[in-house]
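Data first, discussion second: the structure below is written as structure tokens.
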Amino acid sequence: MRGSPFVTHLVAFGRVLREAGLEVGPGRLADALRGLDAVVLARPDDVYWTLRQTLVARADDLDAFDRAFAAWFRGLAAPREPAAVPRRQGERRKGAPPAPGPEIDGGETMLGAWSDDELLRTKDFAAMSPDEFARARRLIKEIGIARPRRRTRRLRRDARGRTLDVRALVRASLATGGDPAHREFRSRTSAPRKLVLVLDVSGSMEAYARALLLYLHAARGSGRGVETFVFGTRLSRITHELGAHDPDAALKAAAARVQDWSGGTRIGASLKSYNDEWGRRALTRGAVVVILSDGCERGEPQPIAFEMARLARQAFAVVWVNPLKGNALYEPLAGGMRAALPSVDRFLAGHDVASLEALGRVLAGIEHRHAA
């Protein structure tokens, strides 16, 4: 089963359970995989009882597990346990699917109902159906890209500032015969920091590239100072193409601009191309650089280590977003990923909508690595 789409689906289901409050770690997921190896996956009852036995540790978590199972595994309803004693009206049995709750104002409420969008936020992009991905596009578009900020040299009036506004002090003293009775203060303003996003669109990233490109488009629309690039075997700048307000038009223009979509991977050569051409234009200096890639390099890893070190010396901070990190069993074993990590300040997942929202929060509060 390892490496199959069902494994990815199960790992994403584990994240849903953690969102619901269950303690589901890598060990329990590994137990679940071993258990599923011994049953027939085509039998819903076998799947349900195997997952319930391996992923649920407390009796109080059974209801949450049943709701998540019924919503996540479409058509695999949780089997009912035989009733030992009659139940009073409105009482529920542990292990049974969620039932309507008590009547309120003439209607019924569902206990613990989950919205479709909430479940979709934590579903792996690689496991989404075309209809689910169409809905996820709307969620990605609505993500507020919180830009990292920097302090500028410009001063503005601030009652809590510590710098005396001498000009305002002199103007105010004219009305009091030169007596500086009223004092004004100023403080330095802040502005969005430059943001550079570099997306891997090689064949190994095919399941995630479209969703991450939508994220690049949302970031591009957050204001000035955002640059976007993609690479497979070579680097392409798509800042202009993603400037279109309509996501479909922007993605179509970007696809026409990139000639090596879903092809090979040359991370080291692409980073060198960026450093040689755009790094020398001071694009990197003072910027937060976000690389979105699985780190799978066909060539030698040494060029990646060298070019990442060059990049880190100029950037304010470097963030690496790897969709594979969303798997609870993931370890950075690929040579390219291991070579890059020493120069990375933040190593994050990027496999679902929730992880992209988390990326936005990290960017909003990121600090220089040497100041941490």
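These numbers were taken from a predicted model, which means no experiment stands behind them.
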[X] [atom1]: over 12 foreign heavy atoms closer than 6.0 Å:
{"X": "Arg285", "atom1": "CZ", "result": "no"}
{"X": "Arg266", "atom1": "CZ", "result": "no"}
{"X": "Gln302", "atom1": "CD", "result": "yes"}

Looking at side-chain heavy atoms only, is the closest gap between [X] and [Y] below 4.5 Å?
{"X": "Leu235", "Y": "Val198", "result": "yes"}
{"X": "Leu22", "Y": "Leu55", "result": "no"}
{"X": "Leu33", "Y": "Thr54", "result": "no"}
{"X": "Ile140", "Y": "Phe125", "result": "yes"}
{"X": "Asn275", "Y": "Lys272", "result": "no"}
{"X": "Arg220", "Y": "Leu197", "result": "no"}
{"X": "Thr284", "Y": "Val196", "result": "no"}
{"X": "Pro323", "Y": "Met205", "result": "yes"}

Donor-acceptor contact below 3.5 Å, side chain [X] vs main chain [Y]:
{"X": "Ser355", "Y": "Asp352", "answer": "yes"}
{"X": "Asp345", "Y": "Val319", "answer": "no"}
{"X": "Asn322", "Y": "Asp294", "answer": "yes"}
{"X": "Thr228", "Y": "Thr239", "answer": "yes"}
{"X": "Lys194", "Y": "Gly286", "answer": "no"}
{"X": "Glu297", "Y": "Ile267", "answer": "yes"}
{"X": "His217", "Y": "Lys141", "answer": "no"}
{"X": "Arg346", "Y": "Ile366", "answer": "no"}

Inset, instruction - Please name all residues satisfying salt bridge (charged side-chain N to carboxylate O under 4.0 Å, His left out) with Arg28, sequence neighbours left out, ordered by chain then number. - result: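 If we apply the salt bridge (charged side-chain N to carboxylate O under 4.0 Å, His left out) test to Arg28, skipping adjacent residues, there are no hits.
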
Legend entry - Sequence-distant partners of Lys325, salt bridge (charged side-chain N to carboxylate O under 4.0 Å, His left out), two or more places apart: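 So Lys325 forms no salt bridge (charged side-chain N to carboxylate O under 4.0 Å, His left out) with any residue.
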
Inset, instruction - Step by step, work out the side-chain contact (heavy atoms from CB on, under 4.5 Å) result for Leu271 and Phe231. - result: CA-CA 9 Å; Leu271 290 175; Phe231 71 89; 5.9 Å; no

How long is the gap from [atom1] on [X] to [atom2] on [Y], to the nearest 0.5 Å?
{"X": "Arg67", "Y": "Leu17", "atom1": "CZ", "atom2": "CG", "result": "11.0 Å"}
{"X": "Leu324", "Y": "Ser204", "atom1": "CG", "atom2": "OG", "result": "8.0 Å"}
{"X": "Leu212", "Y": "His351", "atom1": "CG", "atom2": "NE2", "result": "11.0 Å"}
{"X": "Trp278", "Y": "Phe229", "atom1": "CH2", "atom2": "CZ", "result": "5.0 Å"}
{"X": "Leu292", "Y": "Tyr215", "atom1": "CG", "atom2": "OH", "result": "8.0 Å"}
{"X": "Leu36", "Y": "Leu29", "atom1": "CG", "atom2": "CG", "result": "10.5 Å"}

Legend entry - Side-chain H-bond candidate by donor/acceptor type, Tyr208 with Asp124, under 3.5 Å: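 Result is yes, a qualifying pair exists.
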
Inset, instruction - Could you verify whether a donor N or O on one side chain and an acceptor N or O on the other, from Asp276 and Ser273, lie under 3.5 Å apart? - result: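 Side-chain D/A pair, Asp276 to Ser273: absent.
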
Which atom names give the shortest non-hydrogen contact between [X] and [Y], and what distance separates them?
{"X": "Thr50", "Y": "Ala32", "answer": "CG2-O, 4.3 Å"}
{"X": "Arg18", "Y": "Val24", "answer": "NH1-O, 2.8 Å"}
{"X": "Ala334", "Y": "Gly295", "answer": "CB-O, 3.8 Å"}
{"X": "Pro301", "Y": "Gly335", "answer": "CB-O, 3.5 Å"}
{"X": "Arg338", "Y": "Pro332", "answer": "CG-O, 2.9 Å"}
{"X": "Trp320", "Y": "Ser293", "answer": "NE1-O, 2.9 Å"}

Inset, instruction - Check the hydrophobic clustering (I, L, V, M, F, W, Y; side-chain heavy atoms under 4.5 Å; chains of links allowed) and say if Leu341 and Phe306 are grouped together. - result: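 As far as the 4.5 Å side-chain criterion goes, Phe306 and Leu341 are not connected within one cluster.
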
Inset, instruction - May I ask whether Leu356 and Val362 are part of the same hydrophobic cluster, defined by side-chain heavy atoms of I, L, V, M, F, W, Y residues being less than 4.5 angstrom apart, directly or through others? - result: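 Yes, Leu356 and Val362 fall within the same hydrophobic cluster.
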
Inset, instruction - Name the orientation class of the two ring planes belonging to Phe65 and Tyr48 (parallel below 30°, tilted from 30 to 60°, perpendicular beyond 60°). - result: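 Tilted, since the angle between the ring planes falls between 30° and 60°.
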
Inset, instruction - Please step through salt bridge (charged side-chain N to carboxylate O under 4.0 Å, His left out) for the pair Arg34 and Asp37, ending with a clear verdict. - result: CA-CA 5 Å; Arg34 285 192 289 268; Asp37 275 335; over 6 Å; no

Inset, instruction - Just do the side-chain contact (heavy atoms from CB on, under 4.5 Å) check on Leu120 and Val353 with the steps written out, would you? - result: CA-CA 8 Å; Leu120 195 63; Val353 175; 5.8 Å; no

Inset, instruction - Can you sort out the partners of Leu213 under side chain to side chain contact (heavy atoms under 4.5 Å, CB included), two or more places apart, ordered by chain and number? - result: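 Expected list: Leu199, Leu216, Val230, Ile238, Leu242, Leu251, Ala254, Trp261.
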
Legend entry - Partner set under side chain to side chain contact (heavy atoms under 4.5 Å, CB included) for Arg234, not counting sequence neighbours: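 Once residues adjacent in sequence are excluded, the partners of Arg234 under the side chain to side chain contact (heavy atoms under 4.5 Å, CB included) criterion are Gln259, Asp260.
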
Legend entry - By ring-ring contact (aromatic ring centres under 6.0 Å, His included) - contacts of Tyr330 (at least two apart):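 ring-ring contact (aromatic ring centres under 6.0 Å, His included) list for Tyr330, sorted by chain: empty.
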
Inset, instruction - Give the C-alpha distance, both sets of side-chain angles, the deciding distance and a yes or no for side chain to side chain donor-acceptor pair (under 3.5 Å) between Ser129 and Asp131. - result: CA-CA 5 Å; Ser129 66; Asp131 178 65; 5.2 Å; no

Inset, instruction - List the steps and the verdict of side-chain contact (heavy atoms from CB on, under 4.5 Å) for Arg257 and His240. - result: CA-CA 10 Å; Arg257 174 77 172 82; His240 175 73; over 6 Å; no

Inset, instruction - Assess Arg52 against Trp49: is NZ or CZ under 6.0 Å from the centre of the six-membered ring, and within 45 degrees of the ring's axis? - result: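 No, a cation-pi geometry is absent between Arg52 and Trp49.
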
Legend entry - Salt-bridge criterion met for Arg237 and Glu277 (N-O under 4.0 Å):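 No, Arg237 and Glu277 are not salt-bridged.
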
Legend entry - Lys/Arg-Asp/Glu bridge criterion (N-O < 4.0 Å) met for Glu307, Arg310: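 Salt bridge present between Glu307 and Arg310.
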
Inset, instruction - Can you sort out the partners of Asp246 under side chain to side chain donor-acceptor pair (under 3.5 Å), two or more places apart, ordered by chain and number? - result: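 Counting only residues at least two positions away or on another chain, Asp246 forms no side chain to side chain donor-acceptor pair (under 3.5 Å).
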
